[in-house]
K.L.:
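Quick one: the structure is below, and I'll ask about it shortly.
Bear in mind that the values here come from a model prediction, so they are computed numbers and not experimental data. As the structure lists them, so they are numbered: ligands from 1, and atoms in each ligand from 1.
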Amino acid sequence: MKTFNAAIVGLGFGAEFIPIYQRHPRANMYAICQRDKKKLDAVGDAFGVQRRYTSYADLLRDKDVDFVHINTPIPDHAAMTTAALEAGKHVACTVPMATSVEDCRKIVELSARKGKKYMMMETVVYSREFLYLQELYKKGELGKLQFLQASHQQDMDGWPGYWPGLPPMHYATHCVGPVLGLPRADAEVVSCFGSGTIREEMIPIYGSPFAVETAHIKLRGTDLSARIIRSLFDVARQYRESIDVYGSKKAFEWPLVEGEDAVLHTAKRAEHEIPERVKVPDYAHLLPEGIRPFTTKGVYDMAENEHLSFTQGGGHGGSHPHLVHEFLMALAEDREPWPNAKQSANWTCVGILAHESALAGGELKRLPDWSFTA
Ligand SMILES: NC(=O)c1ccc[n+]([C@@H]2O[C@H](COP(=O)([O-])OP(=O)(O)OC[C@H]3O[C@@H](n4cnc5c(N)ncnc54)[C@H](O)[C@@H]3O)[C@@H](O)[C@H]2O)c1
């Protein structure tokens, strides 16, 4: 059975994927990369990864690397992805794909020209809630889809680097992904309004004043539209990624407060029987045995390691092992991963164009033709 040599770049969030690759039958957890040597060695020693790079360029020159999994800060994603594709490597990259429409186009073009696979590692579309919804939808239990909405609200105060003042829609894939991903449709047009104002000192950083951005998306080739909501600063809200889906037979609503159960509404019942709380099942059975435990919390406790303060497992709706599995199986089966380069570009461009729309008072923005999958 062919295995693929993995290289993980960026070892904050990125380190959480190391033990998953180490246990996937199609992967060889080959190399890690990050600039700070001390942390690089701490992570390498903790997980027993021998091949270590402080220079990304050196890593790309290593002929034994089959693919890179990029987990560096947002502004670096596009340049690192294009460099890896140019070097003949497959690429898995954390969200978002890029911060400009032009960079998304370049990656789509390069991935096709080089015949190398690209997957944006969007966590929400592999969360247990999304997998549950997908199952309901495929079985026809939702009936005809009528509307979708998703939110991603997070208080990013105190986060370093590029975060302060970031336009909310520049990090929108956690809500764009699920609303386009469930019906497997492309976004065609987006319109967005900004609301509220963030603290004065943060506004000039990106020239973006809005505390909240809300957008409507028209889904291409369907009668559907979806609404998405984003906030990053100066809005009182517990962290929440969510998707609500309204079908003619059933509707699914994400819990309002973390830890509660979701609500499933069934039409044509006595009013008080319409909503019911549902326990969303675990989808670990879809995975190779060795990585199933990573869908649940606490499987890999690194909390005592000063460089690795995470408790692995269950993160982001248990999505991490599913992402790894999807990407590796796309390589193994020589098929497109989901989301592939075009789909990732379409999802990412929704956020970029939504912010442009908000700055232009809600003007309709059309997604580029090259981002359409059909
Ligand atoms: N749910 C999700 O999908 C999710 C969750 C968390 C983080 N993320 C994404 O993951 C990325 C990393 O987030 P984080 O919180 O770990 O950030 P971080 O700043 O803590 O870590 C970034 C890492 O990249 C390394 N790095 C930066 N530039 C590099 C370079 N040129 N060469 C090699 N290494 C380099 C840093 O040393 C660090 O290890 C971000 O893009 C973030 O948006 C996604």
K.L.:
Can you confirm whether M202 sits close enough to D234 that some side-chain heavy atom of one is under 4.5 Å from a side-chain heavy atom of the other?
P.N.:
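Side chain of M202 against side chain of D234, heavy atoms only: contact under 4.5 Å found.
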K.L.:
Within 45 degrees of the ring normal and closer than 6.0 Å to the centroid, is that where the cationic atom of K139 sits relative to Y137?
P.N.:
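Here K139 fails the 6.0 Å and 45° test against Y137.
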K.L.:
Tell me, do T82 and I107 make a side-chain contact under 4.5 Å, heavy atoms counted?
P.N.:
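In contact.
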K.L.:
I'd like a table of the close N/O pairs between ligand 1 and the protein (anything under 3.5 Å), one pair per line with both atom names and the distance.
P.N.:
residue, atom, partner, partner atom, Å
ligand 1, 1 (N), T123, OG1, 3.1
ligand 1, 1 (N), H174, NE2, 3.4
ligand 1, 1 (N), H316, NE2, 3.2
ligand 1, 16 (O), F13, N, 2.7
ligand 1, 28 (N), R35, NH2, 3.1
ligand 1, 37 (O), Q34, OE1, 3.3
ligand 1, 39 (O), L11, N, 3.1
ligand 1, 39 (O), Q34, OE1, 2.4
ligand 1, 41 (O), T72, O, 2.9
ligand 1, 41 (O), H77, NE2, 2.9
ligand 1, 43 (O), Y171, OH, 3.4

K.L.:
Within a strict 4.5 Å, meaning less than it, do heavy atoms of the T173 and M120 side chains meet?
P.N.:
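A side-chain contact under 4.5 Å exists here.
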K.L.:
Would you name the heavy atoms of Q149 and V179 that are closest together and state the gap between them?
P.N.:
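Result for this residue pair: C-CG1, 3.9 Å.
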K.L.:
Are the side chains of V324 and F294 in touch, meaning some heavy atoms are under 4.5 Å apart?
P.N.:
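No, too far: nothing below the 4.5 Å cut-off.
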